[in-house]
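Below is one structure; the comments refer to it alone.
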Amino acid sequence: MKVSLSILTVDYFNIENHLTPILDDFEYIHLDIMDGEFVPNISFGYSLVGSLKKKINKVFDTHLMIKHPQNYIEQFVKAGSDYITFHVEADCDVIETINLIHSYGIKAGISIKPNTTVEDIQKYLPLVDMVLVMSVEPGFGGQKFMMNSIDKVKSLYDLRKKNNYSYLINIDGGINADTINHVKDYLDLAVSGSYVLNAPNPKENLKKLS
Ligand code: DX5
Ligand code: ZN
């Protein structure tokens, strides 16, 4: 299992200072894009993603928490995303949006909020490269891990095995050295933000997760 490091809760004026000391300790960077409509928060956009891409060589795991993801796929592809994950609860045609992401030759992910079940997305599972299970209500870092996400991760793991699907299983929200133990055996990736980047010793906490 690898960590996908979320920069949502860092001081954006000092991103480089936050990342430099741990640059060799993670492979995936998680970019939380929020539009203030789909979630009650506004974070950053494709310009910041593009600036980061010029500076660091990581797998860019872009998480669109926006109402109309289909309208911004091209911009996040051009900014350098390797994965673009959008919410099945957004205002878009899910299959068309998956196909649109794939048409640019990059990987497509779908994300489900805490109230959305794995049954709700079964028909999309053969089509996607990642499933991102939200273990918090999307919108803010530093929230408490929701235990109802554990069964979702387990059933995604079983469904992938049974049907020989190829999606990565990722989880997002409230991941720390304790909560990771509930799910790490079923995951390929785990998003972590505040537990690492807002800690006195980010390097140490990142190691505890890996
Ligand atoms: C919340 C974001 C999460 C968040 C993770 O909507 O999707 O990625 O940044 O934050 P922590 O790890 O601080 O819970
Ligand atoms: Zn996220």
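All heavy atoms count here, side chains included; hydrogens, waters and symmetry mates do not. Order of appearance sets the numbers: ligands from 1, and atoms from 1 within every ligand.
The aromatic rings of Phe38 and His87 sit tilted, their planes meeting at an angle between 30° and 60°. Between Tyr28 and Tyr83, the ring-plane angle classifies as tilted under the 30° and 60° cut-offs.
Ion pairing between Lys203 and Asp24 fails under the 4.0 Å rule for side-chain N and carboxylate O. A salt bridge links Glu27 to Lys2: at least one charged side-chain nitrogen sits closer than 4.0 Å to a carboxylate oxygen. Residues Arg160 and Asp188 are paired through a salt bridge, judged by an N-O separation under 4.0 Å between the basic side chain and the carboxylate.
Within the 3.5 Å criterion, the main-chain N or O of Asp35 finds no donor-acceptor partner in the side chain of Lys67.
Within Asp32, the N, O or S atom at minimum distance from the Zn ion (ligand 2) carries the name OD1. Looking only at its N/O/S atoms, Asp172 has OD2 as the one nearest to the Zn ion (ligand 2).
Near ligand 1, Ser6, Leu8, His30, Asp32, Met34, His63, Met65, Met134, Pro138, Gly139, Phe140, Gly141, Gly142, Asp172, Gly173, Gly174, Val191, Ser192, Gly193, Ser194 each place a heavy atom less than 4.0 angstrom from the ligand.
Between the side chains of Asp32 and His30, at least one donor N or O sits under 3.5 Å from an acceptor N or O.
His30 contributes NE2 and His63 contributes ND1; the angle these two atoms make at the Zn ion (ligand 2) is 100°, rounded to 10°.
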